[in-house]
Amino acid sequence: IAGPIVKYNDMIPQFENPKNQLINKNNIILGLIVIIIGLFKKVVIADTLSINVDAGFDNYLDLNFIEAWIVSLSFTFQLYFDFSGYIDMATGSAILFNIRLPQNFDSPYKATSLINFWQRWHITLSHFLTNYIYFPWAKSLKNVNFLNTMIITFLVFVVAGFWHGPSWLYVIFGSLHGLGLVVNHTFRRFLNYRMNSLLACFFTFNYVNITFVFFRSKNIED
């Protein structure tokens with residue numbers, strides 16, 4: 001249920017391929033290595049960070065400015081190592097049986113824009129939203145222009161917020177990402193300005209970090 005989200009046409013031919021039903025020692029070794037990497041991310045890094053995260057969010061009234069930032073940053077990295085750790089374990093398990101799953105992460109915190117972030121974070125979800133919501137919605141319009149596509153982009157990410165659960169906090173999370181994408185696309189289209197890549201990475205990471213506060217909190221007050 002954590003992903004990656006796969007397509008029937010990508011998976012069934014692999015299941016039915018007679019070569020994939022044979023034992024492949026190289027794939028067993030590779031699969032075990034990927035599983036161990038995933039376990040390390042989950043058990044050692046993510047679960048260690050979760051101690052500080054849980055304490056911080058459960059006692060948010062006691063946090064000062066710096067402690068609040070440390071807690072939010074800890075959750076941002078906990079989420080990545082937890083999620084990508086699960087994906088690695090799923091990917092490694094599949095490799096044991098000669099099955100290749102699609103890539104789901106590509107160093108997302110190195111992204112230089114929110115557009116770039118969603119090309120690197122939960123990649124199969126981005127493809128799912130694009131193929132099954134964005135494109136059909138855009139094709140249904142009589143007049144496709146920049147404004148319409150931006151409205152659809154925003155609404156798709158509101159849907160992406162609901163994807164994670166029936167909570168207004170998830171809706172806010174999705175809306176902030178939709179808004180960020182609209183701003184990114186608007187800058188690209190109308191302003192001929194290229195920001196320094198390190199500065200762009202800094203702004204993108206911190207924006208994502210702030211949106212994850214809504215993702216983790218139990219209510220608006222938190």
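Atom OH of Tyr8 is surrounded by 12 or fewer heavy atoms from other residues, nucleotides or ligands within 6.0 Å. For Phe187, the CZ atom counts as loosely surrounded, since its 6.0 Å shell holds 12 or fewer non-hydrogen atoms of other residues, nucleotides or ligands. The number of heavy-atom neighbours closer than 6.0 Å to CD1 of Ile220, taken from other residues, nucleotides and ligands shown, is above 12. Phe214 CZ: 12 or fewer foreign heavy atoms inside a 6.0 Å radius. Heavy-atom contacts from other residues, nucleotides or ligands closer than 6.0 Å to CG of Leu191 number more than 12. Enclosure of atom OH in Tyr60 by more than 12 non-hydrogen atoms of other residues, nucleotides or ligands within 6.0 angstrom is indicated.
Linking ILVMFWY side-chain heavy atoms closer than 4.5 Å, directly or via other members, places Leu129 and Leu155 in a single hydrophobic cluster. Under the 4.5 Å side-chain contact rule for hydrophobic residues, Ile152 and Val144 share a cluster. Under the 4.5 Å side-chain heavy-atom criterion for ILVMFWY residues, no single connected hydrophobic cluster contains both Ile133 and Val6.
Ring pair Phe81/Tyr86: centre-to-centre distance not below 6.0 Å. In summary, the aromatic rings of Phe205 and Tyr109 are positioned with their centroids under 6.0 Å apart. Ring pair Tyr170/Trp163: centre-to-centre distance not below 6.0 Å. Within the 6.0 Å centre-distance limit, the rings of Phe173 and Phe212 are counted as a close aromatic pair. Aromatic rings from Phe83 and His122 are positioned such that their centres are separated by under 6.0 Å.
Of the listed residues (Asp222, Asp58, Asp54), just one forms a salt bridge (Lys or Arg N to Asp or Glu O under 4.0 Å) with Arg216, and that residue is Asp54.
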